[in-house]
Each structure stands twice: as C-alpha cells, then as structure tokens.
Amino acid sequence: MSALGTIVLWNAGRVGTSPATRGRFSVVVRDGVIAEIAKAQGDPPEGAVDLEGRTLMPGLIDAHVHVTSDVSRSPGFGPRAARSGEEPRPRELGYFVLAQTAGAFLRAGVTTVRDVGCYDDESIVLRHALDLGLLDGPRLLCCGRIISATAPGGRLFGTMYREADGPWEMRKAVREQIRRGADFIKVMSTGARSVVREDPEPAQMTREELGALVDEVHRMGLRVAAHAEGLDGARLAIEEGVDTVEHGLSLHRDPRLLEVMAERGIVLVPTLTTFHDLAERFAPEYAPALVDQAKRQLDEAYLTLGAARDAGVTLAMGFDSGPPGANVAELVRMVDGGLTAAAGVAAATAGSAAALGRPDLGEIAPGKGADLLVVDGDPYTDPRVLADAANLWLVLRDGRPVAGTALEGKTPATPVGGLSVGNGARSPCLALLAGVERA
Ligand SMILES: [Zn+2]
C-alpha cells in the first residue's frame with residue numbers, strides 16, 4: 001500500500017486502552033500508524049473527522065479462523081445450496097466466496113485474522129490478493145497446512161493436513177509450510193473432537209516429534225499454535241514451548257499448567273463457540289458419539305476459561321466457526337463465561353495480538369498500527385453492541401477507512417492506477433474522508 005497521509009480522529013468519547021479512558025480525545029494517525037493521542041480541546045482542526053463522542057477502540061483480531069470457500073457451516077452466507085439439475089459449480093467460484101469473506105470480516109470490525117488451517121491453500125491465495133490490493137480485507141496470517149501425525153483426520157481433512165512422523169519429518173513438514181508461505185505453524189498435539197476415529201485425549205505425537213517441530217519453527221523465527229484437547233497433549237505442548245494453545249479445554253484439570261502458561265506468556269485461545277457448534281448448533285450433522293463428547297467438552301471449556309482467567313493466562317478470541325463476520329459471538333461468550341466486558345474486549349484485541357506475536361496491534365497507543373473501530377455505544381461495558389454492524393460507524397485498517405455506516409452508500413476511496421474510483425474527493429459523499437490527505 002502507498003503512503004496514507006494523515007487523519008485526525010476528533011472528539012472520541014472513549015479511547016480503548018486497558019482500561020478504557022473516558023473524556024474527549026483526539027487521535028492522530030500518520031501513514032497508518034497512531035502518532036498521537038491528546039485531549040480534544042477547542043475547535044477541531046481543519047479536515048478532522050468528528051467522532052461526536054463515539055467510542056474509539058482497536059480493531060478486532062480473530063486468532064482462530066478457518067478461511068474457506070466451503071460455506072456449509074456458515075448458514076446464510078455465500079451462494080445458496082445447489083439444486084439438482086443446475087449447472088455444475090466450478091471450483092473457481094470459491095475465490096469469489098473468499099472475497100466476500102474478506103469484506104464480511106471488515107464490516108464486522110475484524111481487521112486481523114489468523115487462519116489456522118484451510119483447504120487448497122485458499123487463505124494464502126486470499127492473502128496474496130489482499131497484499132496486491134485487489135480487494136480490501138483484514139490482515140491475514142496463514143499457517144499453510146496443519147502438521148499432524150499420520151492419523152484418521154488425515155483422511156477427512158485432505159489438503160488441510162500435512163501428515164508427518166518422526167523428528168526429521170517434522171522438521172521437513174515445517175520447512176514445507178514456510179516454503180508454501182506460512183506466517184506461523186499449526187500442529188495437532190492431540191486428535192480432533194470432530195473425527196470419530198480420533199481420541200482427543202492422548203498426545204498424538206511423541207515428545208521427540210513435537211520438540212523437533214517447535215525447535216525448527218522457533219529456529220526460523222516463527223511461532224507455533226498447538227491444537228490441544230486432552231490434558232496429556234496440552235501438557236506436552238506447553239512443556240515443549242508452543243506459543244499458543246488452541247481449545248485447551250482440559251487445562252482446568254491441572255491448574256499448574258495454567259500457571260506455567262501465565263509465566264511463559266503462552267496464550268490460550270478457548271474457542272468456546274466450536275463446542276457449542278458440535279454440541280448444539282450442528283449436532284444433527286455429526287456422529288452421535290461426537291455430539292456426546294462435545295457436550296462434555298463444552299462444560300470443560302468454560303471451566304478452563306475461568307481457571308485460566310484466575311491464573312492470569314493471556315486469553316485470545318478465536319471464533320472457529322461461521323459465518324465470517326459473526327466472530328464477536330465468541331467475545332460475547334467469553335463474557336457470558338465469566339470475563340468482565342473489558343477483559344473480553346482485551347482478549348479480542350491485545351490478547352489476540354499477543355497470540356499472533358504482533359505487539360504492534362491490538363492497542364491504541366503511539367506507534368501502534370491504526371486498525372481502529374469507531375463504535376456507537378460502549379463495548380467496554382457491553383460488548384454486544386459490537387455484534388450489530390449498525391453500531392460500527394467506521395472501520396479503519398492501517399489508518400484507511402474501509403467499512404462502517406459512515407461510509408454506507410459512499411464510494412470507497414480506493415486508488416486505482418492513481419485515479420480515485422467514483423466522483424473523487426469533490427463528492428459530498430466523501431466529505432468524511434476529507435481528513436485523509438493522500439501522499
Ligand atoms: Zn479450528
């Protein structure tokens with residue numbers, strides 16, 4: 001992206017830090033980075049965007065998403081189901097669904113997404129399109145293929161998995177993902193709750209295997225996200241030094257492990273919604289044994305959420321569900337499960353940034369990236385306001401307005417070959433963007 005110039009966000013009634021601050025604030029964004037936060041005094045400077053007392057908070061970060069053109073678990077999203085006799089749908093239609101997905105994230109205020117496993121490298125293709133400026137979307141971090149021991153899930157998940165056995169093959173599998181374009185590595189330290197023939201209790205890899213994998217990833221400067229359901233696999237993952245534990249529902253059984261996570265800064269991504277999905281929402285579509293298991297796991301996931309909070313573990317928001325754009329349901333569930341509203345918002349912003357190893361994101365402070373939401377209402381006392389896109393007045397990514405009701409019906413100021421699409425800066429529709437001086 002080219003240089004973005006300066007934008008002044010004037011008269012924010014609340015600025016989301018931790019804890020959020022009330023007052024009248026002015027936030028200056030320069031070249032996509034927060035340059036200055038000050039009290040808003042006197043008259044707004046020329047060209048400032050008047051927030052009229054709305055809340056300013058960091059963009060939401062979802063640390064556990066599966067970016068996919070498969071909309072079967074996203075009711076109401078994407079193309080309607082195919083009918084018998086219709087023309088076959090070419091595989092390439094999927095890329096339009098991915099484009100729609102990127103827009104849905106932005107309109108929901110989700111400005112960064114960590115993809116923890118997809119089919120056919122779809123998230124890497126989407127990331128490429130975003131990098132080239134072909135469309136607007138969230139910042140996207142990809143894992144390439146999930147590294148798993150040879151296991152029944154390999155038959156179900158196909159191109160989402162890279163099966164590997166033995167320490168050297170683990171290293172090779174890591175290197176393959178880096179070659180593929182991975183930003184981080186995802187590993188199955190236990191089996192998956194969604195596979196009948198996998199037992200999610202035992203560790204699915206040996207210590208030697210997981211240790212070699214973590215060593216290889218860290219040696220290359222990347223981070224490891226470990227899928228961990230049962231306690232033995234979670235323990236192994238924590239002892240071998242992974243950076244995030246995904247699901248981690250059994251950790252309440254051994255609070256000592258949660259203390260170790262807090263000490264070492266290992267982030268927990270509880271993914272409560274996925275247990276609701278298997279136990280309730282999509283129960284008719286799953287094998288009954290998996291539904292029964294998910295009901296037990298759902299209770300455990302909430303127990304672990306509370307135990308992790310008490311132990312001081314950094315928590316991150318991971319929706320692990322669909323449709324894209326409904327992500328804030330996970331934040332609401334974390335609050336229903338015992339986090340304060342402010343702690344829930346912190347998990348969905350700074351906590352998720354910690355999970356991604358991106359300290360430049362997730363907070364409003366000088367030097368941080370200007371992924372920002374201007375919200376009608378106060379998510380720091382009621383995060384449910386974020387669940388209604390009508391309350392998202394403006395969404396900025398890297399300091400650039402990309403979504404929000406303030407832009408509705410307005411032509412996005414996307415430069416195409418040096419020209420502004422639409423009526424350009426003279427259009428009254430673009431008055432809001434007048435504060436953005438293009439370099
Ligand atoms: Zn997942």
Side-chain angles (χ1 to χ4, degrees), residues 61-74 101 105 110 112-124 126 138 140-148 151-154 156-162 177 182-195 198 200 204 223-230 233-234 237 242-251 267-282 285-286 290 293-294 297-298 300-301 304-305 315-324 326-327 329-331 333-334 347-348 352 355-356:
I61 301 173
D62 197 318
H64 191 121
V65 162
H66 298 276
V67 170
T68 179
S69 62
D70 175 359
V71 296
S72 57
R73 292 284 185 277
S74 293
T101 298
F105 283 133
V110 179
T112 299
V113 160
R114 185 176 69 154
D115 174 69
V116 290
C118 68
Y119 295 104
D120 302 328
D121 298 333
E122 284 189 332
S123 73
I124 290 177
L126 178 58
L140 183 53
L141 274 70
C142 307
C143 71
R145 295 189 181 180
I146 300 171
I147 300 176
S148 165
L156 279 179
F157 296 123
T159 60
M160 190 184 283
Y161 272 30
R162 168 31 163 126
Q177 303 326 303
D183 299 299
F184 69 100
I185 298 296
K186 165 95 178 282
V187 62
M188 300 296 287
S189 71
T190 72
R193 68 204 170 282
S194 51
V195 180
E198 284 191 1
Q204 205 178 38
R223 292 166 66 81
V224 183
H227 172 111
E229 296 185 40
V242 304
D243 300 288
T244 68
V245 172
E246 310 299 310
H247 317 302
L249 60 125
S250 59
L251 286 164
V267 180
L268 176 65
V269 192
T271 67
L272 302 169
T273 304
T274 193
F275 300 107
H276 284 280
D277 277 359
L278 246 87
E280 299 160 356
R281 187 183 180 206
F282 299 118
E285 297 171 34
Y286 279 95
L290 295 180
Q293 176 174 269
Q297 289 190 323
L298 179 60
E300 284 206 85
T304 290
L305 176 75
L315 298 166
M317 178 180 78
F319 182 39
D320 198 10
S321 184
N327 311 60
E330 178 70 15
L331 161 53
R333 284 192 160 122
M334 285 195 284
S352 287
L356 274 54

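Atoms within each ligand, like the ligands themselves, are counted from 1 in listed order. Being a predicted model, the structure only gives us computed values, none of them experimental. Each residue takes its place number in the sequence, starting with 1.
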Checklist entry - Has His64 got an N, O or S atom lying less than 2.8 Å from the Zn ion (ligand 1)? => result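 So His64 counts as coordinating the Zn ion (ligand 1), yes.
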Next on the checklist: At a threshold of 2.8 Å, where the distance has to be below it, does the Zn ion (ligand 1) have an N, O or S atom of His66 nearby?
Outcome noted: yes
Checklist outcome for this item: Here the gap from Leu268 atom CG to Leu315 atom CG, rounded to the nearest 0.5 Å, amounts to 5.5 Å
Next on the checklist: Which atom name would you report as the N, O or S atom of Asp320 nearest the Zn ion (ligand 1)?
Outcome noted: OD1
Next on the checklist: Quick check against the 3.5 Å criterion: does Glu330 have a side-chain atom that pairs as donor or acceptor with the backbone of Met317?
Outcome noted: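 Not confirmed, Glu330 side chain does not pair with Met317 backbone.
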Next on the checklist: For Ser69, is there any backbone N or O sitting under 3.5 Å from a side-chain donor or acceptor partner on Glu122?
Outcome noted: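 At least one qualifying donor-acceptor pair exists.
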Item to check | Single hit among Gln293, Glu229, Gln297, Glu198 for side chain to side chain donor-acceptor pair (under 3.5 Å) with Arg193 | outcome: Glu229
